[in-house]
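Everything on this sheet refers to the single structure shown next.
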Amino acid sequence: MCSESDALIKTYVSSTLHSDDLLIHEVTKSDWDSLVMESKAPVMVLFTAYLCPTCFIMSFNMDTLDLKFAGRFKFYSVDLDDEPEIGARWGVLTCPTTVVFKLGKVMDKRTGFLNEATQMDIVEKYI
């Protein structure tokens with residue numbers, strides 16, 4: 001599902017990082033509605049897969065944004081391997097894909113790697 005990029009990055013990231021190292025909460029279908037669709041604050045959801053090195057980089061960037069925008073913007077991830085129904089529901093076919101929801105509606109959807117500055121620009125647009 002994840003686009004293959006630099007083999008060295010993939011080897012390093014997949015061998016040293018685990019989803020437990022991330023601060024952003026991983027959403028499941030059981031808590032999707034309450035955390036994302038019913039949120040009063042805008043929500044950025046990163047659709048990921050375990051062996052996606054760029055997803056891990058983006059997740060760590062989102063950790064930083066989560067601390068900076070605490071209470072004003074929410075950040076979550078969805079593992080497409082574990083929760084394919086959520087990805088299918090929102091037309092997510094590859095990772096990384098970033099979707100911003102506001103009051104239960106899709107405001108922005110982007111596929112591919114987004115650096116921290118781009119992620120911040122998106123947050124500032126919808127905050």
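For clarity, every value in this text was computed on a predicted model and none was experimentally measured. Nothing fancy with the numbering, it's 1 onward along the sequence. When reading the values below, keep in mind they use all heavy atoms of this one structure, side chains included, and skip hydrogens, waters and symmetry mates.
Residues forming a side chain to side chain donor-acceptor pair (under 3.5 Å) with Asp82 (at least two apart in sequence, or on another chain): none. Partners of Lys68 by salt bridge (charged side-chain N to carboxylate O under 4.0 Å, His left out), not counting sequence neighbours: none found. Shown here are the ring pair (Phe, Tyr, Trp, His ring centres under 6.0 Å) partners of Phe75, two or more places apart in sequence or in another chain: Phe73. By the side-chain contact (heavy atoms from CB on, under 4.5 Å) test, Lys29 is found to be paired with Glu83, Glu85, Ile86, residues two or more places apart in sequence or in another chain being considered. Partners of Arg89 according to the side chain to side chain donor-acceptor pair (under 3.5 Å) rule, which considers only residues two or more places apart in sequence or in another chain, do not exist here. For Thr118, the side chain to side chain donor-acceptor pair (under 3.5 Å) partners at least two apart in sequence or on another chain are Asn115.
Atom CG of Asp81 is separated from atom CG of Leu51 by 7.5 Å, given to the nearest 0.5 angstrom. Put simply, CG on Leu93 and CG on Leu80 are 9.0 Å apart, with the number rounded to the nearest 0.5 Å. Rounding to the nearest 0.5 angstrom, the gap separating the SG atom in Cys95 from the OH atom in Tyr50 is 13.5 Å.
Follow the hydrophobic side-chain contacts under 4.5 Å out from Val106 and you reach Val27 in the same cluster. Both Ile24 and Ile127 are members of a single hydrophobic cluster when ILVMFWY side chains are connected at heavy-atom separations under 4.5 Å.
For residues 103-115, the salt bridge (charged side-chain N to carboxylate O under 4.0 Å, His left out) pairs, not counting sequence neighbours, are Asp108-Arg110. Note on residues 114-127: no pairs pass salt bridge (charged side-chain N to carboxylate O under 4.0 Å, His left out), not counting sequence neighbours.
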Requested in this report: Dump the intermediate steps for side-chain contact (heavy atoms from CB on, under 4.5 Å) on Phe101 and Tyr76, then the final yes or no.
Outcome: CA-CA 11 Å; Phe101 295 87; Tyr76 300 114; over 6 Å; no

Can you give the donor-acceptor pairs under 3.5 Å from side chains of residues 32-46 to other protein atoms, not counting sequence neighbours?
| residue | atom | partner | partner atom | Å |
| --- | --- | --- | --- | --- |
| Ser34 | OG | Asp31 | O | 3.2 |
| Ser39 | OG | Ala41 | N | 3.2 |
| Ser39 | OG | Ala41 | O | 2.7 |

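Between Tyr126 and Ile122 there is a side-chain heavy-atom pair separated by less than 4.5 Å.
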